[in-house]
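To find a chain, count down the sequence lines: A is the first, B the second, and so on, and within it residues start at 1.
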Amino acid sequence: MSGKYDFKEVEARLAESWERNGVYRFERNGNAKVYAIDTPPPTISGLIHVGHAYSYSQADFVARYKRMRGYNVFYPFGFDNNGIPTEILVERNYKTTAEDMGREKFSRLVEEETKKYEEMYRRTWTQIGISVDWSLRYSTISKEVQRISQLSFLMLANERRAYRKESPSIWCPKCKTAISQMELKDMDFKSRFITIQFSDGIQIATTRPELLPACVAVMVNDKDEKNAEKIGMDVTVPLFGNKVKVIGDRRVDPEKGTGVVMCCTFGDLTDIEWYKAYNLELRIAIDEDGRMLLGKYKGMKIREAREEIIKELKEKGLVLDEKEIVHTVNVHERCNTEIEFLVKKQWYIRYLDIKEKLIGLGEELDWHPEYMKVRYKNWVSGLQWDWSISRQRYYGVPFPVWYCRKCGEPVFADIGALPVNPLEQQPEKRCVCGSESFEPETDIMDTWATSSLTPMINGRWKTDSGLFERIFPMDLRPQAHDIISFWLFTTIVKSYLHTGKLPWKSALISGHGLDSKGAPMHKSVGNIVEPKVVIERYGADALRWWASSSAPGSDASFQEKELVAGSKLINKLWNVNNFITMNYPEASDAKEGAGKNIVDRWILSICSTTIEKVTSLFEQYDYYTARREVERFFWIFCDDYLEFVKYRVYGGDASVRQHLDGVFLAILKMLAPFMPYITDEIYAKRYSKVDGSTSIHVSKWPVSGEFAYNKESLEHGWRVAKVLESVRILKHNIKMALNAPVKELVISERIGEGEDDIKGAMNISSISIGEGSAKVDDLGISIELRT
RNA sequence: GGAGGCAUAGUCUAAUGGUAGGACGGCGCCUUUACACGGCGCAAGCCUGGGUUCGAUUCCCUGUGCCUCCACCA
């Protein structure tokens, strides 16, 4: 039994045995109350780092706690492999593109490639000890998920919630697709702010002179004294010669540039607002590839055209000023390309009209931590566009739609025929106009349009009778804070539109795992720490210990020392087990009694209050404080209690055994959610038989009432412990070994019960009453040692 | 520009309207039969300024710095 703990051997063996024995299996027909978790399906994008381990472990703490509380835990796992990130991964790995390869061939390649990654991910998650039921695994590109996603679309289209509209869309010229507001990020670019002379004394400062040909109006602020008089005038656009009106609008900042703005279709969001508000002409200057469409610049790249136009303006003396500036522009978050606005036919889901309702649902959700709610609210309040769900890409869930070649009307697939790929199939009916000739929709759905359906996917919506009803609304949505405005929000949208309800009761929002300096981990920065490397060195339990080292919602930097602390704890647990087993080979199966000895009653009282605290903290999803409570208790157990009882153990006092076992088992159970391997290993070796479960992870969570609590014992026990501490310091001060024999302890007043334990723990022969030279903290008594 | 979070020893991190706890690291003592991957001990800390208060690290305001998210970006 003794010997070192070999975490590598144990972790590999247990991971395999949990899987083989179905320890985490969800009971389809079980009677126990269901606890359903809407696990985040990680994007297959190539890299796994300890940040993933950080947030998934936090959800797992809760899952394991709930399981031990007797819930039938529904804890699935999914892979999000249907969208642009996956496509880009494959393009990068194989240095090819879907266009080059052909759509069919490329899709097959993506499928094969993602399978490899999925296996790799699965191994890592299993190693980390995430207690998901792998039989509930899903992939967002699977036929089943495509069916659900298409079904959702058809239902929304049927209600006119999903609509197709030609409208300015945010466009990435590199990826050649429309993208959503969510996929934008900011980047700073150097640029030139150029003041251009228009006709009639109008001067306009712009960073985008190449949009001159798309200029459809000139805007000034209607309250701007120096410019307001120009409202209503016709102005000629330089180089291009077309006439445009001057319009007054409050959105113009009179202090910026010259206080005059050109409205081009389209340079930015404000242009779009003006275009809509004033019914302006549409002049499209840039095509899907980011090339110019108008005038002699046709075919030029945006930047070339910009240079060319500046050159010509200069030749004509129309450039009045030129300044180097750094300005922030919106770029596509995946490829860092400056976005453009193009007019395209896109599918949208209308939700601007239900903003208030969505904000209300956010209020109803039980957020952990609470302040994350605000982010959701701000996001929803700030929405300006309906949800654009179509993408001009290749790999993803197709729209089950064709368009009639004759009348242009969309024809939707039959629900019974789903999933449908319109590129390979034809509609089963004629168009209302009688035509049988159709053009398939070639766009695919945005990945969020599908991943927003995870509760439906988990519940095998509309096929599996009863499962959806059993798990929905789900109990918990665990996820990181960065995607509150994406995944959490869109899931609420879909859930509300399809069921009228919130998809879950609670949300547990995790922070990010950062590098040791507190910076986000990025492949490009080269600061990625891979879980498997950490597991190799310290073990999964230690990695998880780090994940439990900060509160829900807060970021944590990756600290090696937190792993060291975890390793030490693991070692300590192992050695406590060695100690107990060495003296008592079999675990006690006695019911915990009150305890005769004061230190027994003391530790039982602390145990009772600790269980109570830890349980209620877990109920509030505060795994972090819970962990600290257990940890604190465990060190009291080791450093004080075990020292107190050693003399009785060696002396053959049989009454100690049941307390050692009872309390240690409670500690193991409370640590089991955090350190599943070491706790289960000890449980299997020592407690499985007397406790009656095959694994600690399906054993019963400790009950505080089963450990006798007594206020006086608790207080008196602490007095005894304080004296012990003081004696330790005295022995230390005279360079004595802590167990070296001492003739006599002089103490200013009787301690009463517990004196024997002090004598036993500190190897003291006798205790006498008298004033001592040293004070015991807080107790107002003094002591002295006579050797 | 708006919103949210954070600021505590060399490092990471708690609690608290009245002596700031823990971990890692440092230093020292103890070779003690669960553990030297150990035990015990020591040193070391509340971002700036203002307010409320008998008293502020804590509550309020301000500044500074860091991290998110959003908006703007002619």
Side-chain angles (χ1 to χ4, degrees), chain A residues 1-2 4-5 181 184-186 188-189 191 193-196 204-209 211 215 218-219 251-253 256-264 267-271 325-330 369 371-384 480-485 511-512 514 516-520 546 549-551 553-583 624-625 628 631-632 635 638-639 642-643 646 649-650 725 728-729 731-740 763 778:
Chain A
M1 188 71 219
S2 61
K4 296 206 185 311
Y5 175 65
Q181 200 178 341
L184 299 179
K185 70 172 184 188
D186 287 353
D188 287 333
F189 280 104
S191 182
F193 199 43
I194 292 167
T195 307
I196 302 169
I204 294 179
T206 178
T207 52
R208 302 205 55 188
L211 286 176
C215 177
V218 166
M219 313 298 295
R251 277 166 279 205
V252 179
D253 177 359
K256 200 156 180 177
T258 57
V260 187
V261 187
M262 58 178 188
C263 171
C264 308
D268 62 37
L269 287 168
T270 327
D271 287 345
I325 57 162
V326 173
H327 74 155
T328 317
V329 295
N330 277 325
Y371 61 77
M372 290 293 177
K373 184 194 287 187
V374 182
R375 298 197 185 188
Y376 172 88
K377 198 177 164 187
N378 285 344
W379 166 260
V380 181
S381 313
L383 285 173
Q384 296 185 43
H481 57 59
D482 57 337
I483 50 173
I484 289 174
S485 49
H512 283 157
L514 309 171
S516 61
K517 293 187 193 75
W546 163 67
S549 71
S550 66
S554 61
D555 296 344
S557 57
F558 184 72
Q559 298 296 327
E560 195 102 5
K561 68 190 176 63
E562 209 43 64
L563 300 169
V564 172
S567 303
K568 286 187 174 183
L569 182 68
I570 291 164
N571 182 52
K572 200 74 175 174
L573 286 164
W574 189 246
N575 282 307
V576 169
N577 179 54
N578 282 346
F579 170 71
I580 300 178
T581 302
M582 199 172 280
N583 291 290
Y624 165 65
T625 314
R628 295 217 331 257
E631 191 184 12
R632 192 184 61 93
W635 292 109
C638 293
D639 296 341
L642 289 188
E643 293 306 319
K646 265 180 184 169
V649 170
Y650 297 149
E725 189 189 324
R728 274 175 177 164
I729 294 176
K731 282 186 134 178
H732 177 262
N733 287 348
I734 53 176
K735 300 191 178 188
M736 237 183 168
L738 291 180
N739 73 337
N763 201 0
D778 305 336

Problem set entry | side chain to side chain contact (heavy atoms under 4.5 Å, CB included) partners of A:R728, counting only residues at least two apart | A:D640, A:E643, A:L724, A:L738, A:M762
Exercise. Starting at CG of A:N739 and ending at C1' of B:U32, how long is that distance when rounded to a whole Å?
Worked result: 4 Å
For this session: Return the value, rounded to whole Å, for the distance between atom NZ of A:K561 and atom P of B:G22.
Result: 14 Å
Exercise. For A:V564, does its backbone N or O pair with a side-chain atom of A:W546 as donor and acceptor, under 3.5 Å?
Worked result: no
Exercise. Nearest-Å distance, OH (A:Y371) to P (B:C69)?
Worked result: 14 Å
Problem set entry | P gap between B:U62 and B:U58, integer Å | 15 Å
For this session: Would you mind building the protein contact string for nucleotides 34-43 of chain B? One character per nucleotide, 5' to 3', B for base within reach (heavy atoms under 4.0 Å), S for sugar-phosphate only, - for untouched.
Result: BB-BSSBS--
Problem set entry | Distance, P atom - from B:A71 to B:A3, rounded to whole angstrom | 15 Å
For this session: Let me see the working for A:V218 and A:I204 under side chain to side chain contact (heavy atoms under 4.5 Å, CB included), right down to the final yes or no.
Result: CA-CA 9 Å; A:V218 166; A:I204 294 179; 3.9 Å; yes
For this session: Show the numbers, then the answer: is there a side chain to side chain contact (heavy atoms under 4.5 Å, CB included) between A:F579 and A:L642?
Result: CA-CA 10 Å; A:F579 170 71; A:L642 289 188; 4.1 Å; yes
Exercise. So what does A:S516 touch, heavy atoms closer than 4.0 Å: a base, only the sugar-phosphate, or nothing?
Worked result: nothing
For this session: Please indicate whether A:K373 has more than 12 foreign heavy atoms, meaning atoms of other residues, nucleotides or ligands, lying under 6.0 Å from its NZ.
Result: yes
Exercise. Taking the C1' atom of each, how far is B:U32 from B:C40, in whole Å?
Worked result: 11 Å
For this session: For RNA chain B, just give me the dot-bracket, please: Watson-Crick or G-U, both distances below 3.5 Å, ( ) intra-strand, [ ] crossing earlier pairs, | paired with another strand, . unpaired.
Result: (((((((..((((....[..)))).(((((.......)))))....(.(((..]....))).))))))))....
For this session: Return no unless some side-chain N or O of A:Y624 is found under 4.0 Å from OP1 or OP2 of B:A14.
Result: yes
Seminar exercise, completed: To the nearest angstrom, the CZ-C1' distance between A:R208 and B:C72 comes to 16 Å
Exercise. If you measure from the P atom in B:U13 to the same atom in B:C47, how many Å do you get, rounded?
Worked result: 14 Å
Exercise. What integer number of Å spans the C1' atoms of B:G18 and B:A56?
Worked result: 10 Å
Seminar exercise, completed: Residues passing the side chain to side chain contact (heavy atoms under 4.5 Å, CB included) test with A:N733, sequence neighbours excluded, are A:I729
For this session: For A:R632, report the nucleic acid contact type (base, sugar-phosphate, nothing); a contact means any heavy atom under 4.0 Å.
Result: nothing
Exercise. Between A:H512 and A:G259, who's closer to the 5' end of RNA chain B by nearest nucleotide?
Worked result: A:H512
For this session: Pick the P atom in B:U31 and in B:G49, then give their distance to the nearest Å.
Result: 49 Å
Problem set entry | Which residue lies more 5' along RNA chain B, comparing A:A740 with A:K731 via nearest heavy atoms | A:K731
Problem set entry | Gap between atoms CE and C1', on A:M372 and B:C67 respectively (whole Å) | 11 Å
Exercise. So what does A:F558 hit on the nucleic acid, given a heavy-atom distance under 4.0 Å: a base, only sugar-phosphate, or nothing?
Worked result: nothing
Exercise. So, for A:G553 and A:P369, which heavy atoms are closest and what is the spacing to 0.1 Å?
Worked result: CA-CD, 3.8 Å
Problem set entry | Span that lies between the C1' atom of B:G5 and that of B:G38, in whole angstrom | 40 Å
For this session: Could you work out the separation of B:U8 and B:C46 based on their P atoms and round it to a whole Å?
Result: 11 Å
Exercise. For A:D555, what residues pass the side chain to side chain contact (heavy atoms under 4.5 Å, CB included) criterion, not counting sequence neighbours?
Worked result: A:H481, A:H512, A:L514
Exercise. To the nearest 0.5 Å, what is the distance between CE (A:M582) and CG (A:N577)?
Worked result: 9.5 Å
Exercise. Taking atom C1' of B:A3 as reference, at what distance in whole Å does atom NZ of A:K377 sit?
Worked result: 11 Å
Exercise. Of all residues at least two apart in sequence or in a different chain, which pass the side chain to side chain contact (heavy atoms under 4.5 Å, CB included) check with A:D639?
Worked result: A:K572, A:W635
Exercise. Separation of A:E631 atom CD from B:U13 atom P, in whole Å?
Worked result: 15 Å
For this session: Take the protein atom CZ of A:R375 and the nucleotide atom P of B:C6, then report the distance between them rounded to whole Å.
Result: 11 Å
Problem set entry | Quiz item: A:K735 side-chain donor-acceptor pair to B:C30 base, under 3.5 Å | no
Problem set entry | Non-hydrogen atoms of A:R208 and A:G267 that approach each other most closely | NH1-O, 3.9 Å
